[in-house]
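Note that this is a predicted model, so its numbers are computed, not measured. Just so it is clear: chains get the letters A, B, ... in the order the sequence lines come, proteins before strands, and each one is counted from 1.
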Number of protein chains: 2
Amino acid sequence: MPLMKSWVDSANAPDHPFPLNNLPYGVFSHAGTEERCGVAIGDMILDMAAAEEAGLVQVADEPVFDLPYWNDFMDLGAEAWDTLRTRLITLLAVGSAERAAVEPHLVPMSEAAMHMPIAVSEYTDFYAGRNHAFNVGTMFRGPENALPPNWLHIPIGYNGRASSVVVSGTDIRRPWGQLKSPDHDLPAFLPCRRFDIELEMGAIVGTATDGPISVQEADDNIFGYVLLNDWSARDIQAWEYQPLGPFQAKATATSISPWIVTKAALEPFRTDTPEREFELLDHIKDVGPMLYDIDLAVTMAPEGKEATTITRTNYNQMYYSAPQQLAHHSTSGCPMNVGDLLGSGTISGPTKPERGSLLELSWGGKEPLTLNTGETRTFIEDGDTLTLSGEAKGDGYTIGFGTCTGTVLPALEDPYKR
Amino acid sequence: MPLMKSWVDSANAPDHPFPLNNLPYGVFSHAGTEERCGVAIGDMILDMAAAEEAGLVQVADEPVFDLPYWNDFMDLGAEAWDTLRTRLITLLAVGSAERAAVEPHLVPMSEAAMHMPIAVSEYTDFYAGRNHAFNVGTMFRGPENALPPNWLHIPIGYNGRASSVVVSGTDIRRPWGQLKSPDHDLPAFLPCRRFDIELEMGAIVGTATDGPISVQEADDNIFGYVLLNDWSARDIQAWEYQPLGPFQAKATATSISPWIVTKAALEPFRTDTPEREFELLDHIKDVGPMLYDIDLAVTMAPEGKEATTITRTNYNQMYYSAPQQLAHHSTSGCPMNVGDLLGSGTISGPTKPERGSLLELSWGGKEPLTLNTGETRTFIEDGDTLTLSGEAKGDGYTIGFGTCTGTVLPALEDPYKR
């Protein structure tokens, strides 16, 4: 599919993340307005609450865009998702008869503050990138036992904490936690010393279900995708995770990009999961290309200094797609809800510069990275800013997510003094 | 504290679970009404929405009881919790000047249907009963390695699935899932064959926080307690739980009792945690008696047959109290919200008839139980009804929770055919 041209000129540049082909959904505020739904087009945001009030878009009897989340719109169902996209393309395409009516409702992105695009119902994080699982498994158990026996048969996942999901740009406070140094017999309560990122994509569930669903139904029920950084306290994780999995190590924060890129925008970029060592059982078997060819990168910038790209990889490196994860999630009868967020798991490519966490990049802290500034890093230091980006390259256009960024603040001196 | 006498006569029987000393909070409906908040007193429920409308109780500018959950009331804070209890005691005590005004708002419990008492914000389940952890660890790793190294230092927990929490009385459909028999090389997708209960208490968070909190603050923030049965698919769990913990094995359902017993009602029954092998670090150290002396029991009844008590234990068997669990939960800065539900973990006493799961009672299926009907059981069979009960025995009165019950229905023939 080629670039679809918009009368919002900035949207037509081949490298711009928000062409008419994209139309990602976010929540924003600007001078004098409450948080509300918006759609990115070039350097502008279409104020959906205003457009709805003006009668330019109407998807339900009650207003759904004058809200600080897209959940109510998602809940209208996949037909409404298609209808809105078609309508937005009509309104914003070159030659639109309604340009004059729409134009007053465009807000410059530079004047807007972005907020969480959804009310996160529940948050699940997976461990479904093979290179990542192999790297971490090799560090902890050696290369022969790197992948657990179940890994090639089900997408391993755990429930995370929805209350800890924040929008890109939110500062991240280095956590305290109980941890045990290898050279001590007993644990101590200390600020985390091995604070890390995990480069992930997040899938947003747009349709509620109440029983097992097939992979195809799961794909149908996904509303869109975001970039996701699952901040991870490796030293706390190492001490706590046996036998019931990560808990406080993953509960400080998970950052997501402000823009939800819809499945429709990503359609041209569908790609297959990799070849399988074991055939998957029917309930999670591939039924079509359900990964996406999305280039991903992470930069690290020490406080006030230049950023260094520390990894480049692609979402097509996943072993399990989000629909497979969602289908697996539902097998037990687990009710899935509008606004559920599923983290893909860390995305690492096969070579060292493609690894999606500092744990892997520094091989457990043993091989420090050298940044462009000349400084070295094993894990995150206070003041460092970590930024995820993602883009899918079309024929003369780019589909972007906006960045997913966060700066790590020093741990509180006394976390109990407030 | 002796029995406080109520003009609702049934509440004054020494064995009745709902005396004036209790006043537990639930959500009910009866002929012609929407779901609404209610308070149990003897065999009756005080319709709180009606009492609020009549001006008998007023805790906020807006009505908070004409809702299908207690969350809005909880959010008013601990002072409001105390004020309401005091007011209810005044209204319902023998000699109340307002008896005539209150009486029309009492609904016979026998005519009411009970619903979920809260909107569950997020659900966390712990593994904080020492006998249970030792039993399970012994089965899986032998008695020398039964307790993981971290177990005596932190309350191990994992995030569960809030969407799967249901009220007592809800039928439980036996789940399908991916599992691997010990005598097969590859997994299969099958109905669970080792479906189990976990006898637990649940603590309900009533005050939101956004940073680490002390054990005392955590205790202050707990609104009340429920009985909780964490239905568990042991064969699915065994296959999936390494390395990130239980996921689909625990996502079919968790049942809770319909009545929240407040901290105030349980105050006379506070008891200490057991002696510690290792001193706990300050962030989770005991600061007072924060367990409760609550007798717990589980019965099992095959379809249409007599029930057998299969276990009797006490909440005082926990190694970690709910305030310690909540304090630990907050260490990373994890935001905790009104309506968060914390499962204690399975409560098992030191001897065999005190074990809180069939996994332990049948020692992994090797030692079948014999029921009063003459039938034997290792795990749950279709049609079995499992019922948890709990009571604290005061001076001439009893504090009960109502039962927490569920009947297991056969697995669907084809879970994807709906």
- Going by the angle between their ring planes, with limits at 30° and 60°, are B:Phe247 and A:His328 parallel, tilted or perpendicular?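 Correct class here is tilted.
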
- Item | Heavy atoms of other groups near A:Gln216 CD, more than 12 under 6.0 Å |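 Yes, because the 6.0 Å sphere around CD of A:Gln216 holds more than 12 heavy atoms from other groups.
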
- Query: Looking only at atom types and distance, does a side-chain atom of B:Glu122 sit under 3.5 Å from a main-chain N or O of A:Ala162, one as donor and one as acceptor?
  - Reply: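 It does hold such a pair.
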
- Judged by atom type as modelled, is there a donor-acceptor pair below 3.5 Å linking the side chain of A:Ser163 to the main-chain atoms of B:Met336?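 No: the side chain of A:Ser163 does not pair with the backbone of B:Met336.
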
- Query: Given a strict heavy-atom distance threshold of 4.5 Å, which part of A:Asp340 is in contact with chain B: side chain, backbone, both, or neither?
  - Reply: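 For A:Asp340, side-chain heavy atoms alone lie under 4.5 Å from chain B.
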
Is there side-chain contact between [X] and [Y], with heavy atoms separated by less than 4.5 Å?
X	Y	result
A:Trp176	B:His283	no
A:Gln178	B:Asn150	no
B:Pro243	A:Tyr127	yes

Against chain A, label [X] side chain, backbone, both or neither, depending on which of its atoms sit under 4.5 Å from a heavy atom there.
X	result
B:Leu281	side chain
B:Phe278	side chain
B:Ser330	backbone
B:Ile236	neither
B:Ala188	backbone

- Message: How long is the straight-line distance from OH of B:Tyr416 back to CG of A:Asp282, given to the nearest 0.5 Å?
- Response: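 A:Asp282 atom CG to B:Tyr416 atom OH measures 9.0 Å (nearest 0.5 Å).
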
- Message: What's the separation between atom CG in B:Asn159 and atom CG in A:Leu244, rounded to the nearest 0.5 Å?
- Response: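 Going from CG on B:Asn159 over to CG on A:Leu244, the span is 11.0 Å.
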
For chain B, which of [options] has the most heavy-atom pairs under 4.5 Å?
options	result
A:Pro187, A:Pro175, A:Gly333	A:Pro187
A:Tyr241, A:Tyr158, A:Phe189	A:Phe189
A:Gly157, A:Ser164, A:Ala233	A:Gly157

- Message: Under the side-chain hydrogen bond (donor to acceptor under 3.5 Å, both in side chains) test against A:Ser332, which residue among B:Gln248, B:Arg161, B:Arg173 passes?
- Response: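 Of B:Gln248, B:Arg161, B:Arg173, side-chain hydrogen bond (donor to acceptor under 3.5 Å, both in side chains) with A:Ser332 is met by B:Gln248 alone.
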
- Item | Closest approach of B:Glu240 to A:Ile154 (non-hydrogen atoms, all atoms of both residues) |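 Scanning both residues, the minimum pair turns out to be CB-CD1, 4.0 Å.
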
- Query: Does the gap between the ring centers of B:His153 and A:Trp239 come in under 6.0 Å?
  - Reply: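 Yes; A:Trp239 has its ring centre under 6.0 Å from that of B:His153.
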
- Largest heavy-atom contact set with chain A, pairs under 4.5 Å, which of B:Pro335, B:Gly137, B:Cys334: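 Most pairs with chain A among the choices: B:Pro335.
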
